[in-house]
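Notes follow once the structure below has been shown.
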Amino acid sequence: MKIKLYFDKYLLKINLIFVTLLVTFGIFLVSSATAVESQRIYEDSFYMIRNHLLALVIGIVAAFLITKIDYKNITNISNYLIIFITLILFFLLTYGENIFGSTRWLDLGFVRLQPSEIAKPIIIIWVADQLSKVELDGNNILSIWRTSFMPGIAIILIFLQPDFGTAATLAFIVFMQLLFSRVKFIYPALLSIVAWFTGKYYLSSEIYRRERLRVWSEGICDQGLELLGSCFQVHQSRIAISSGGMFGLGPGTSRARWGSLPSAYSDFISAIIGEEYGFVGYIVFVFILSVSVISFFLIAIRQKNEFKRIFTVGLGAWILFQSVLNLGASVYLLPITGIVLPFVSYGGSAMVSIFIALGIMHSRGYE
């Protein structure tokens with residue numbers, strides 16, 4: 001028993017250490033990748049990195065405070081949280097700030113929030129709470145309906161922003177939570193088939209998404225026939241990564257940040273890793289990220305409390321899915337989705353939300 005307890009605490013420490021390494025890596029990357037853009041827009045090279053650090057501090061403080069709260073106090077208000085975020089997502093479509101054709105931001109004057117990021121920990125809490133109440137011999141179909149109805153509404157509202165990447169991330173998180181719950185395997189398996197065909201249909205429902213998928217599936221960017229349009233970011237990302245060589249150009253020496261690679265500090269920050277730290281740095285980063293993701297799932301597997309196990313699986317699935325999409329898009333193994341790299345990319349709402357989830361994972365009553 002003592003050995004098991006020691007091992008579980010050791011896993012939690014490993015998780016915190018590798019998350020800290022990711023966050024530290026992200027500070028250096030964001031500091032470099034945002035310098036030029038900050039100077040151009042705000043006439044202050046440190047404006048965006050200060051915002052990044054502020055969000056990081058808020059996230060860490062929030063996580064620390066949450067660890068002092070018994071997780072049951074959070075599950076007790078999960079109904080109110082899911083209703084609240086669903087209403088926010090509904091009103092966002094009308095009153096939100098439209099940027100580059102998407103209504104994802106809510107401008108409160110003193111701060112600008114992205115409700116879809118805040119929805120992630122709330123949906124994970126809701127699903128974990130509902131699935132933890134499922135009985136082994138209970139009605140699985142009724143349980144799945146009760147569990148997925150509200151998250152399903154939220155996912156549809158996020159898709160309508162439109163934000164297919166975040167909607168797909170949430171759908172994957174819910175699927176993984178179902179997979180690790182007491183629900184019989186056949187039900188999430190059938191849901192995954194339905195989700196696959198539904199996702200494929202909606203990927204083709206808009207011209208820009210259909211074109212992006214066609215370009216990726218036909219390997220047009222790999223043929224070098226198109227250097228602009230749909231392939232522009234892909235080519236610039238590959239140029240940035242390849243220019244780093246084996247050991248990179250060095251921290252803070254990125255050329256792509258000067259405007260050749262759009263969204264270098266968010267969607268394509270992994271390209272800056274390859275450029276500044278080279279192949280070796282990229283491999284080291286992927287190793288750190290992999291250990292971090294694996295630690296989440298190991299913690300979940302060894303957890304006896306049903307809520308905490310399902311919640312931790314959701315958090316691990318969140319980091320896993322976004323990391324795969326972000327890293328895959330930077331080298332064009334996967335289509336570009338606009339998904340940020342957890343703990344690393346610039347983005348206040350994303351950073352605070354993921355630390356809130358981390359705080360819940362380490363909250364009182366966890367052992």
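Residue numbers run from 1 in the order of the sequence given. Here the structure is a predicted model, which is why all the values come from computation and not from measurement.
Screening N51, V340, I49 against Y346 for a side-chain contact (heavy atoms from CB on, under 4.5 Å) leaves a single residue, N51.
Looking only at distances, a side-chain donor or acceptor of T67 sits under 3.5 Å from a matching main-chain atom of F64. In terms of modelled atom types and a separation under 3.5 Å, the side chain of N76 and the main chain of K72 share a donor-acceptor contact. Proximity of a side-chain donor or acceptor of E306 to a complementary backbone N or O of K133 within less than 3.5 Å is not detected. The closest donor-acceptor contact from the side chain of N326 to the backbone of D267 lies under 3.5 Å. Within the 3.5 Å criterion, the main-chain N or O of G250 finds a donor-acceptor partner in the side chain of T253. Under a 3.5 Å cut-off, the side chain of S78 and the backbone N or O of I125 do not form any donor-acceptor pair. R182 places a side-chain N or O within 3.5 Å of a backbone atom of V134 that can act as its donor or acceptor partner. In this structure, the side chain of S38 does not engage the main chain of F46 through any donor-acceptor pair within 3.5 Å. Remark: the backbone N or O of N305 is paired with a side-chain donor or acceptor of Q303 at under 3.5 angstrom. A donor-acceptor pair under 3.5 Å is formed between the side chain of R238 and the backbone N or O of V331.
Legend: residues meeting side-chain hydrogen bond (donor to acceptor under 3.5 Å, both in side chains) with Y277, ordered by chain and number and at least two apart, are absent.
Within 6.0 Å of atom CZ in R255, 12 or fewer heavy atoms from other residues, nucleotides or ligands are found, so the atom counts as exposed in its surroundings. For F90, the CZ atom sits in a loose shell: 12 or fewer heavy atoms of surrounding residues, nucleotides or ligands are nearer than 6.0 Å. More than 12 heavy atoms of other shown residues, nucleotides or ligands fall within 6.0 angstrom of atom CZ in F297.
A chain of hydrophobic side-chain contacts below 4.5 Å, direct or via other Ile, Leu, Val, Met, Phe, Trp or Tyr residues, connects I294 to F172. Transitive grouping of hydrophobic side chains (ILVMFWY, heavy atoms separated by less than 4.5 Å) brings L157 and I88 into a common cluster. Linking Ile, Leu, Val, Met, Phe, Trp and Tyr residues whenever their side-chain heavy atoms come within less than 4.5 Å leaves W258 and F232 in two separate clusters. Residues I288 and Y10 share a hydrophobic cluster, clusters being chains of Ile/Leu/Val/Met/Phe/Trp/Tyr side chains in contact below 4.5 Å.
Between F164 and F159, the ring-plane angle classifies as perpendicular under the 30° and 60° cut-offs. Using bins of under 30°, 30° to 60° and over 60° for the plane-to-plane angle, the ring pair F307/Y71 lands in the parallel bin.
The OG1 atom of T75 lies 9.5 Å from the CG atom of N79; values are rounded to the nearest 0.5 Å. Distance check: L179 CG to L191 CG gives 11.0 Å after rounding to the nearest 0.5 Å. Distance check: S132 OG to Q177 CD gives 10.5 Å after rounding to the nearest 0.5 Å. The structure places OG of S181 at 5.0 Å from CD1 of I310, a figure rounded to the nearest 0.5 Å. Taking CD1 from I269 and OG from S254, the interatomic distance works out to 10.0 Å, rounded to the nearest 0.5 Å. Put simply, OG on S260 and CD on Q233 are 11.0 Å apart, with the number rounded to the nearest 0.5 Å.
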Pairs under 3.5 angstrom only: tabulate donor-acceptor contacts from the side chains of residues 19-35 to other protein residues two or more places apart or in another chain.
unit_1: T20; atom_1: OG1; unit_2: L16; atom_2: O; d: 2.7
unit_1: T24; atom_1: OG1; unit_2: T20; atom_2: O; d: 2.8
unit_1: S32; atom_1: OG; unit_2: E276; atom_2: OE2; d: 2.4
unit_1: T34; atom_1: OG1; unit_2: V30; atom_2: O; d: 2.5

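With contacts defined as side-chain heavy-atom distances shorter than 4.5 Å, the pair M176/F321 does not qualify.
No hydrogens or angles considered: a donor-acceptor pair under 3.5 Å links the side chains of Q322 and W318.
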